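Note sheet for the following structure.
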Amino acid sequence: MKRLLVLLISLVVGVAILFRFRLWIAGMHITSWVRSPLRNYLVGGKINSLPQIGWAFDVRGRDPTTVKRLRRIFKVVVVESDHTHVQII
């Protein structure tokens, strides 16, 4: 059971790192990626929010070009008041 958990965590982190690298190549700056449960609570995140496992993140900028580029890569892209929120799944 412990090996399966380690494998699952490794998979989650590996996928998140690959997507972060893809954005870095595209010249985009990630401002928030992985949050601890405490940090998630302090910023008003939901208890099951994806940033806690690294499968959602925030990108600097809300301009149409950035949003269009993100939507070509990811299915869930939400423009917030001061950043763009992206979910890997």
Side-chain angles (χ1 to χ4, degrees):
M1 184 68 172
K2 188 175 181 180
R3 288 180 115 181
L4 182 61
L5 182 61
V6 169
L7 180 63
L8 180 61
I9 291 170
S10 299
L11 177 66
V12 167
V13 171
V15 168
I17 288 171
L18 287 174
F19 276 107
R20 185 172 181 142
F21 182 69
R22 187 172 181 182
L23 289 173
W24 176 75
I25 289 173
M28 295 183 202
H29 180 75
I30 296 173
T31 58
S32 174
W33 184 21
V34 178
R35 290 187 201 142
S36 69
L38 176 60
R39 175 74 178 143
N40 191 60
Y41 172 78
L42 293 173
V43 299
K46 295 180 181 177
I47 195 163
N48 61 344
S49 72
L50 293 175
Q52 293 181 97
I53 59 171
W55 280 29
F57 51 87
D58 298 330
V59 177
R60 181 184 298 153
R62 304 177 309 127
D63 60 279
T65 304
T66 298
V67 173
K68 185 176 180 180
R69 290 168 69 191
L70 288 168
R71 287 193 171 134
R72 277 190 257 148
I73 303 170
F74 304 101
K75 291 184 179 187
V76 180
V77 177
V78 180
V79 179
E80 302 283 353
S81 61
D82 61 346
H83 66 279
T84 302
H85 177 78
V86 180
Q87 290 180 203
I88 292 175
I89 58 169

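Nothing here was measured: the structure is a model prediction, and the numbers come from that model. Only this structure's heavy atoms are used, side chains among them; waters, hydrogens and symmetry mates stay out.
Taken together through direct or relayed side-chain contacts under 4.5 Å among Ile, Leu, Val, Met, Phe, Trp and Tyr, Trp33 and Leu11 form part of one hydrophobic cluster. Clustering ILVMFWY residues whenever any of their side-chain heavy atoms sit less than 4.5 angstrom apart, transitively, puts Val43 in a cluster other than the one holding Val59. The hydrophobic clustering, which links ILVMFWY residues whose side-chain heavy atoms are closer than 4.5 Å, places Leu7 and Leu18 apart.
Val6 belongs to no hydrophobic cluster, as no Ile, Leu, Val, Met, Phe, Trp or Tyr side chain comes under 4.5 Å of its own. Residue Leu42 is found in a hydrophobic cluster whose other members, listed by chain and number, are Leu38, Tyr41; membership requires side-chain heavy atoms under 4.5 Å apart, directly or through intermediates. Other members of the hydrophobic cluster containing Phe21, listed by chain and number, are Trp24, Ile25; membership follows side-chain contacts under 4.5 Å among ILVMFWY residues, whether direct or relayed. Cluster partners of Val78, by chain and number: Val76. The rule joins Ile, Leu, Val, Met, Phe, Trp and Tyr whenever side-chain heavy atoms lie under 4.5 Å apart.
Taken from CD1 in Ile30 to OG1 in Thr84, the straight-line distance is 12.0 Å, to the nearest 0.5 Å.
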Handout entry: Step-by-step side chain to side chain contact (heavy atoms under 4.5 Å, CB included) determination, Val77 to Val67
Key = CA-CA 7 Å; Val77 177; Val67 173; 4.3 Å; yes
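Applying the side chain to side chain contact (heavy atoms under 4.5 Å, CB included) criterion to Asp58, with sequence neighbours excluded, gives Thr31, Ser32, Arg35, His83, His85.
The minimum heavy-atom distance linking Ile88 with Phe57 is given by the pair CG1-CE2, 3.9 Å.
Screening residues 64-78 for side-chain hydrogen bond (donor to acceptor under 3.5 Å, both in side chains), with sequence neighbours left out, gives Asp63-Thr66.
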